[in-house]
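Data block below; observations after.
Throughout, protein chains are lettered first and strands after them, A, B, ... in sequence-line order, and every chain is numbered starting at 1. The basis for the numbers below is simple: all heavy atoms, side chains too, and nothing from hydrogens, waters or symmetry mates.
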There are 4 protein chains.
Amino acid sequence: MNKVILMGRLARDPEVRYTQGEQAMAVARYTLAVDRRGKNQENSADFIQCVAFGKAGEFAERYLHKGTKIVLTGRIQTGSYTNKEGQRIYTTDVVAEDQEFAESKNAESGGTYSNQPAPAPQSGNDGFMPAGDDSELPFV
Amino acid sequence: MNKVILMGRLARDPEVRYTQGEQAMAVARYTLAVDRRGKNQENSADFIQCVAFGKAGEFAERYLHKGTKIVLTGRIQTGSYTNKEGQRIYTTDVVAEDQEFAESKNAESGGTYSNQPAPAPQSGNDGFMPAGDDSELPFV
Amino acid sequence: MNKVILMGRLARDPEVRYTQGEQAMAVARYTLAVDRRGKNQENSADFIQCVAFGKAGEFAERYLHKGTKIVLTGRIQTGSYTNKEGQRIYTTDVVAEDQEFAESKNAESGGTYSNQPAPAPQSGNDGFMPAGDDSELPFV
Amino acid sequence: MNKVILMGRLARDPEVRYTQGEQAMAVARYTLAVDRRGKNQENSADFIQCVAFGKAGEFAERYLHKGTKIVLTGRIQTGSYTNKEGQRIYTTDVVAEDQEFAESKNAESGGTYSNQPAPAPQSGNDGFMPAGDDSELPFV
DNA sequence: TTTT
DNA sequence: TTTT
């Protein structure tokens, strides 16, 4: 269980790279500015590093830019590397799995994209009963 | 944005059906008992109807039973049907996308299953740099 | 653990009641229309019953109306009652704890309200060090 | 909107400090090890820095230790400070608001604590109707 | 610097 | 009984 839900605006345009090799894919990075609740205290925000891979990365590259307000779902990912001074540096990023527009700007939209699988059936009777027949109580 | 996270125990064994047709799949239903925070008030719980489709449904059938404690991630789904008295009945279920064991019972486990896609790469440098070389600062 | 996060629009104006007695409080009810991801399938939505108590209820009464787009955080609550035919009816509602505007309509806003407690300190050094002095490494 | 839900085990005992001044309070820090889904890849985990303030901090001090499995709800908080080399260092922590035991160890428990306010009424009829009378349809 |  |  590792879930993150954020609503905020991109503090900068995404930076996008493509990995090499056969399964090449987009890797987009951006910072999300998320307003804090107790806005009394100098209207501050948290500036959260986000990464989007694959389809989600392409979506970011195409539709997101500085100022775009989104609702993001993802997970926290930590890592580390050694800098040129030889110090171990620890990193914390949010991996963006879902990115949805919070403001319906009609024009700029283009929809929503994510790495999610096709949704399961969503009818009221869960596919237990033939279509057009809903006269029976579903089992509960 | 439609996310639900619940931790609780199955109040009954899952009931499992299989849909007909070519893309036949498992549909498992169960009730999750989720303890309320203010447990002072007569140790009550919420009894939440859950449905799991496909792989998640098979996982439920195989590994979950009355009393199993899980952490579930999913979404709320509403629907309706007409009962035999001709009344329109409205339903609210939680569609289980992820189901994880909360208690590591070693023996009974069998892991975790969900409809989630394969996870994106999780190395510290996000695949921007060749493996084995972490001497450069990743762009931030 | 019982968490719900929803983004959607009010499908109707909130209905508000006030409880009687000394600790009288507002109880607001509304339906939230949450678009489904696989919007290919006849642009459907889930219509989710929500209740807001106390301060959150007053906020709903004052600022929310049919069509308002919000991000809601809360929990699932189940209950039951007996109808006039003597049948036991089971209910599932989302109790709204936080309600935030998803669209910044400047004018209509009025902010955000919830039952949340005052936020804990949010400075970089967590209050371990005197203000104005950030030259020391915080313990990690 | 800034929500985090994690399930994992403390990778070390919490370190606890108390802030000075009149509104002195506990500040507990620990690392949470959260297993990744694709456990095929060398059984890795994310090691996430957490902070708990006030009551939540006291709860951590008292009941949590290395190895304890919890479900945590909170938010991401970013900050920065300047180290002795004069470099600006950026930090990302999870502020723990709720901490629940994932394994019911009966003995060691002691319950759950958080900064959450007292829960709103949770009866089926939402307090609209007098207790003992549930024969009327609640308004929907 | 990490947990089962 | 539903929203854009």
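- Here the OH atom belonging to A:Y90 is positioned 9.5 Å from the CD atom belonging to D:Q49, to the nearest 0.5 angstrom.
- In this structure, of E:dT3, F:dT2, E:dT1, it is E:dT1 that holds the atom nearest to the side chain of A:R88.
- Minimum atom distance to the side chain of C:R9 is reached by F:dT4, of the listed F:dT2, E:dT3, F:dT4.
- Checking E:dT2, F:dT4, F:dT2 against the side-chain heavy atoms of D:Q49 singles out E:dT2 as nearest.
- Atom CZ of D:R36 is separated from atom C1' of E:dT4 by 16 Å (rounded to the nearest Å).
- Taking the six-membered ring for Trp and thresholds of 30 and 60 degrees, D:F59 and D:F101 have ring planes inclined between 30 and 60 degrees apart.
- When the P atom of E:dT3 is taken as reference, atom CD of D:E103 falls 16 Å away, rounded to whole Å.
- Checked against E:dT4, F:dT4, F:dT2, the side chain of C:D35 finds its nearest nucleotide in F:dT4.
- In this structure, NZ of D:K69 is placed 21 Å from P of E:dT2, rounded to the nearest angstrom.
- For the residue pair C:T73 and C:E97, no side-chain donor N or O sits within less than 3.5 Å of a side-chain acceptor on the partner.
- Listed nucleotides E:dT3, F:dT2, F:dT3 differ in distance to C:A45; the shortest reach to its side chain belongs to F:dT3.
- With rounding to whole Å, A:E100 atom CD is found 18 Å from F:dT4 atom P.
- F:dT3 atom C1' lies 16 Å from atom CD of C:Q99, rounded to whole Å.
- The separation between D:L32 atom CG and E:dT3 atom C1' is 8 Å, rounded to whole Å.
- Taking 4.0 Å as the cut-off between side-chain N and carboxylate O, A:K69 and A:E100 do not count as a salt-bridged pair.
- As rounded to whole Å, 14 Å separates atom P of F:dT1 from atom OH of B:Y81.
- Distance D:I48 CD1 to E:dT2 P: 16 Å, rounded to the nearest Å.
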